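Comments concern the structure below.
What you see is a predicted model, and the numbers here were worked out from it, not measured in a lab. Throughout, a chain's letter reflects where its sequence line sits, starting with A, and its residues are numbered from 1.
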Amino acid sequence: MPELPEVETIKRGMAAALLGKSISNMRVNRYDLRIPIPQDFAKRLMGKTITKLERRGKYIIMHMGADIVAILHMGMSGRINIFPVGIEYAAQKHDHVVFNMDDGTCFAYEDPRRFGMLYLADKDWRKAKRFAFMGVEPLDDWSGADLFESLKNKKASIKSALLDQRVVAGLGNIYVCEALFRAYINPTRRSNSITKEEAGKLVKHVRDILEESIKSGGSTLKDYKHTDGSLGYFQHGFAVYDRAGKSCPNKDCASNILRIVQAGRSTFYCSSCQK
DNA sequence: AAGTGGGCCTGAGAGC
DNA sequence: TGCTCTCAGGCCCACT
């Protein structure tokens, strides 16, 4: 499941392979993603040059020429498969859009579960609701005081709050579980019970874990691969995620990792270490 | 009015 | 072995 580090890794792969190249041909195989691809999608992008790639939360923003941006979200199972010059395009069953670039590079947007989205916007893309209310980028200027401020009036659990993209952008279930473990904070705590000091710790651990994961090329769960098909390595480092019933990684702790459901999503934690 | 939970979707894995 | 069933979860939106 692509969270911030995976999306960042994909964006870097795309930047290295695609920047400055123009679309010479493209094909839409399926329009009915969760948000339908507009019918004139290909027509509007044909001939456009990829001038800039950026990431906001879990979205990739592809600047296409001067005034069109293509907004890309990988949902749960989305991938970008890039085929450099000399490597033949190998079609996947769920390649919804295939782009051919002017130098012979080809790339495909693949998403079996179709939870992702791909749409066009203009220079004002940040004004769309999903970006206008999006929270801070955790790797930018983000302090414990900032997090404390956004939590102090919230009653929802700290787990739910960290998943809320309006509080902080880019975190998903895996990294939230891991960061709460590292900060020794119980995921069922109410947001407004988190102290300034704890908020500071959380910010530090969220940033650490995201940076470590980006360094190792993102996590690899069943759905995630790099743009060249290789795997990331960070998943070997999970302390709690998907480890229900296994022993707590802390040597001096005899407890097992628990799995509970919060707001419809699995939470993994150690009830002895996380207070 | 903030918080919760259903719906979307397919493939992997479990269980019989 | 091969089938069926359950579960995974990011985001949107309806409901309370």
Atom CG of A/Leu33 and atom P of C/dG10: how far apart are they, to the nearest Å? 18 Å

Taking NZ, NE, NH1 and NH2 as the nitrogens, is one of them in A/Glu137 or A/Arg55 under 4.0 Å from a carboxylate oxygen of the other? yes

For the NZ atom on A/Lys48, are there more than 12 heavy atoms of other groups (residues, nucleotides or ligands in this structure) within a distance under 6.0 Å? no

Nearest whole angstrom, please: distance from the P of C/dC11 to the CZ of A/Arg56. 12 Å

Contact under 4.0 Å: A/Lys58 side-chain N or O vs C/dC11 OP1/OP2: yes

Nearest heavy-atom neighbours spanning A/Val98 and A/Cys106: CG1-SG, 3.8 Å

How long is the line joining CD1 of A/Ile158 and C1' of B/dG3, in whole Å? 15 Å

Please determine, by modelled atom types, if A/Asp102 and A/Ser24 share a side-chain donor-acceptor pair under 3.5 angstrom. no

Is the phosphate of C/dC11 approached by A/Tyr119 (side-chain N or O, under 4.0 Å from OP1 or OP2)? no

Does the side chain of A/Asn25 pick up a donor-acceptor pair with the side chain of A/Arg27 at under 3.5 Å? no

Can you tell me if A/His73 touches the phosphate of C/dG10, counting only side-chain N or O atoms and a distance under 4.0 Å to OP1 or OP2? no

Check this one for me: any side-chain N or O of A/Lys154 less than 4.0 Å away from OP1 or OP2 of B/dA2? no

Between N or O atoms, less than 3.5 Å apart, protein on one side and nucleotides 12-15 of chain C on the other: list the pairs.
unit_1	atom_1	unit_2	atom_2	d
C/dC12	OP1	A/Arg130	NE	2.8
C/dC12	OP1	A/Arg130	NH2	3.3

Heavy-atom closest pair (A/Pro2 atom, A/Met76 atom, distance to 0.1 Å) is CD-O, 3.5 Å

Give the rounded distance in Å between these two atoms: CE of A/Met74 and C1' of C/dG10. 13 Å

Looking at C/dC11, I'd like to know if its phosphate oxygens (OP1 or OP2) sit under 4.0 Å from a side-chain N or O belonging to A/Gln165. yes

Any donor-acceptor pair under 3.5 Å linking the side-chain atoms of A/Asn250 with those of A/Tyr184? yes

A/Asp122 CG: over 12 foreign heavy atoms closer than 6.0 Å: yes

Look at the side chain of A/Leu163 and decide which nucleotide, out of C/dG10, B/dG11, B/dC9, has an atom nearest to it. C/dG10

Value in whole Å for how far the P atom of C/dG10 lies from CG of A/Leu4: 13 Å

DNA chain B: 5'-proximal contact among A/Pro112 and A/Gln262 (nearest heavy atom): A/Gln262

OP1 or OP2 of C/dG9 under 4.0 Å from side-chain N/O of A/Ser266: yes

CD1 of A/Ile60 versus P of C/dC11: gap in Å, rounded? 13 Å

Just to confirm, is there a sub-4.0 Å distance from OP1 or OP2 of B/dG3 to any side-chain nitrogen or oxygen of A/Ser160? no

Between C/dC11 (P) and A/Met76 (CE): distance, integer Å: 10 Å

Proximal nucleotide (of C/dG9, C/dG10, B/dT10) relative to the A/Glu3 side chain: C/dG10

Rounding to a whole Å, what distance do you find between A/Leu72:CG and C/dC11:C1'? 15 Å

Is the distance from OP1 or OP2 of C/dA8 to the nearest side-chain N or O of A/Arg259 less than 4.0 Å? yes

Please determine if a side-chain N or O atom of A/His94 lies less than 4.0 Å away from the OP1 or OP2 oxygen of B/dG11. yes

